[in-house]
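Below: one structure, written as structure tokens.
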Amino acid sequence: MGLFYNLFLASFSSIGAFLFGGIIASVITMKYYLDKFGDDPDIKGAVVSTFNGGCFFGAMLAGWACDKYGRKRSIQLGSLFALWGCAMQCGANNVATLLVGRIIGGFAIGVLSMTVPLYNTEIAPPKIRGLLVGLFQQLLGIGFIVANWVGYGCQFIGSDASWRLALAMQLVPAGLLFVGIQFLPFSPRWLLEVGRDEEAHKVVQQLHGAKTPEQMEAADAEFTEMYETIKAEQLVKSKRLSDLWSTPAMMRRTLVACGVQIFGQFTGINVLNYFGPQMYESLGVTGSKALLVQGIYGLFIIFILDLVGRKKPLLYGAGSFVVTFSILAAIVATNPPGAPADQVNATAQRAGIAMIFLTSVNFSLSFGPVSWVLAAEVFPTSVRSMGTAVATCCNWAFNVLLSQVSPLAMDNVGWKFYLLFILLNFCDFVVILFFFPETKGKTLEQMAAVFGDEIDNRQVLDAHNVKIRDDDSHAKPEMP
């Protein structure tokens, strides 16, 4: 039961990623949406960036909520806000209502984008943690597939129902997650933090599917390691924001977590996700065909490669984006949008579309899954919620910046905008190569050794008279 149960928990909680969807990329190109809200590039940018701004503040609040109410309740909170925001968006009759709905929906995604990877990290065995946390990216990819194809189908509805239905579909996963998360267990590490030790021990046994003496022994060994590390951290570490840079090792943890999230935005993937149809139009794919192609490329996002560690996929991704954006920039520069058909190289345009496809594939093999895994696993339990929240806020802050700038840049500088991503990904490659550690296969409690700030748990516990019972085969620690 252990492995299957772990997969089920991670898959179900990752429904939160399904809400990312990217349905707005299709909606803002629909005829009846444009008739109602107009085609002003500033409004388009605002519709996207207000959502991402909400994400920033949602991620910020989630750090506090995860410590106060737990990972499970925070996911439920995010689902509730998602229902509220989606309802406002699909019922909007003016730009103001739509933007408020986008902010609330974004707030929900901010909570979920920080909390779901954190929850999956803390319930996952170290040998498959990359897979389980990577499921968040896989569900995100499936969400883009569904969103793109729903958008493609809804455009043929001859009324406002075309864009309203597309936006309303987000209510389904939000409702399912809100109800279903109630039946999932709390994170055992959070339970230990708040003193619910026996409940935490039962959850660890449940996660291991512990029925035989050998399985019970393995579960108890992991629980003891969790207990010693978390209780020792509570005795010697605070929970101040300044803890994230209080020592060289903590500074490195914070820079790695924030860096991988920011670098994920520098890949340009969300420019493709939000403004893909516009990019395809610059390559000669117009009208409904642009939405159709956007749906096809989304298929590749679901493939995840996290079997060779964290660092190598990131290096591969950054290097590949330098190549794909270089080729894409050259193609768009020599085949400008709007040029007469006899002055455009159709083969080159098809190659440009292939580069967008390849960028998406490479993202799903690198930054897609790894950025969520790495940001959630590097911090000690005492500041994991806060650290993950800060890293996720960095993600959304740069997402806001790029989503606001991208439509203006594509209209005003065209292919030169892609030069920015060439430079950024080259810098990412260098930083990852020389400064990022490899964390594959380590337990969360072993990350201290990776970053060089390990403490002697037994010594700290003994100094504070916290005793460890080891007089039986199912040893459990106990507070005096």
Side-chain angles (χ1 to χ4, degrees), residues 16-17 20 48-67 74 78 103 106-118 121 133 136-137 140 239-246 249-271 273-274 310-311 314 317-318 321 363 366-380 383-406 420-421 423-425 427-432 435-437 439 447 451:
F20 283 48
V48 175
S49 62
T50 51
F51 179 84
N52 294 331
C55 290
F56 176 87
F57 291 104
M60 185 185 298
L61 174 73
W64 170 81
C66 281
D67 282 336
S74 297
I103 292 170
F107 185 90
I109 296 304
V111 172
L112 295 171
S113 67
M114 179 267 167
T115 308
V116 172
L118 178 63
T121 294
V133 183
F136 182 78
Q137 175 64 30
L140 192 155
K239 284 195 173 186
R240 296 189 302 267
L241 183 64
S242 60
D243 287 348
L244 297 179
W245 56 83
S246 60
M250 282 302 300
M251 175 66 82
R252 188 185 181 202
R253 291 178 191 252
T254 303
L255 290 176
V256 167
C258 294
V260 75
Q261 289 284 346
I262 293 170
F263 294 168
Q265 292 301 320
F266 287 173
T267 64
I269 190 65
N270 281 323
V271 177
N273 291 338
Y274 295 140
R310 318 307 193 224
K311 191 169 180 177
L314 293 176
F321 299 139
F363 181 80
S366 55
F367 285 89
V370 177
S371 61
W372 299 110
V373 176
L374 194 58
E377 72 183 1
V378 298
F379 292 106
V383 294
R384 186 171 295 124
S385 294
M386 182 166 54
T388 306
V390 169
T392 308
C393 282
C394 289
N395 178 311
W396 290 115
F398 279 85
N399 199 320
V400 170
L401 175 64
L402 289 173
S403 64
Q404 187 66 40
V405 167
S406 294
L420 174 66
F421 297 105
L423 176 62
L424 291 175
N425 282 289
C427 295
D428 297 350
F429 183 92
V430 175
V431 172
I432 292 166
F435 298 105
F436 275 39
T439 58
M447 290 297 169
F451 288 91

Side chain to side chain, Thr439 and Glu377, heavy atoms closer than 4.5 Å: yes
Whether Thr254 side chain and Leu244 backbone form a donor-acceptor pair below 3.5 Å: yes
Check: Gln261 side chain, Ser371 main-chain N or O, donor-acceptor pair, under 3.5 Å: yes
Polar side-chain atom of Asp243 near backbone of Arg240 as donor-acceptor pair, under 3.5 Å: yes
Separation between OG1 of Thr267 and CZ of Phe363, rounded to the nearest 0.5 Å: 5.0 Å
Any side-chain heavy-atom pair of Phe429 and Phe321 under 4.5 Å: no
Heavy-atom pair with the smallest gap, counting every atom of Ala389 and Gly63: CB-CA, 3.7 Å
Side chain to side chain contact (heavy atoms under 4.5 Å, CB included) between Val116 and Trp372, intermediate numbers included: CA-CA 10 Å; Val116 172; Trp372 299 110; over 6 Å; no
From Phe56 atom CZ to Asn395 atom CG, the distance as rounded to the nearest 0.5 Å: 11.0 Å
Minimum side-chain heavy-atom gap Leu118-Cys66 below 4.5 Å: yes
Arg310 side chain reached by Val260 side chain, heavy atoms, under 4.5 Å: no
Atom pair CD1/CG of Ile262 and Leu401 - distance to nearest 0.5 Å: 11.0 Å
Flag side-chain contact, heavy atom, 4.5 Å: Asn52 against Leu402: no
Shortest non-hydrogen separation from Gly317 to Ser366 and the atoms involved: CA-OG, 3.5 Å
Criterion side chain to side chain contact (heavy atoms under 4.5 Å, CB included) on Trp396 and Ile109, from CA distance to verdict: CA-CA 10 Å; Trp396 290 115; Ile109 296 304; 3.9 Å; yes
Validation row: Phe379, Ser385 side chains within 4.5 angstrom (heavy atoms): no
Separation of Phe451 CZ from Met251 CE (nearest 0.5 Å): 13.5 Å
Derivation of the side chain to side chain contact (heavy atoms under 4.5 Å, CB included) call for Val431 and Phe436: CA-CA 7 Å; Val431 172; Phe436 275 39; 4.1 Å; yes
Check: Leu314 and Leu374 side chains under 4.5 Å, non-hydrogen atoms: yes
For the student: nearest non-hydrogen atoms of Ala257 and Val378, plus distance: CB-CG2, 3.9 Å
Heavy-atom check, side chain of Asn425 versus side chain of Phe263, under 4.5 Å: no
Heavy-atom closest contact (Ala318 atom, Asp428 atom, distance): CB-CB, 4.3 Å
Point-to-point distance, once rounded to the nearest 0.5 Å, from CE of Met250 to OG of Ser242: 10.0 Å
Partner set under ring pair (Phe, Tyr, Trp, His ring centres under 6.0 Å) for Phe398, not counting sequence neighbours: Phe266
Cys394 to Cys258 - nearest heavy-atom pair and separation: SG-SG, 3.7 Å
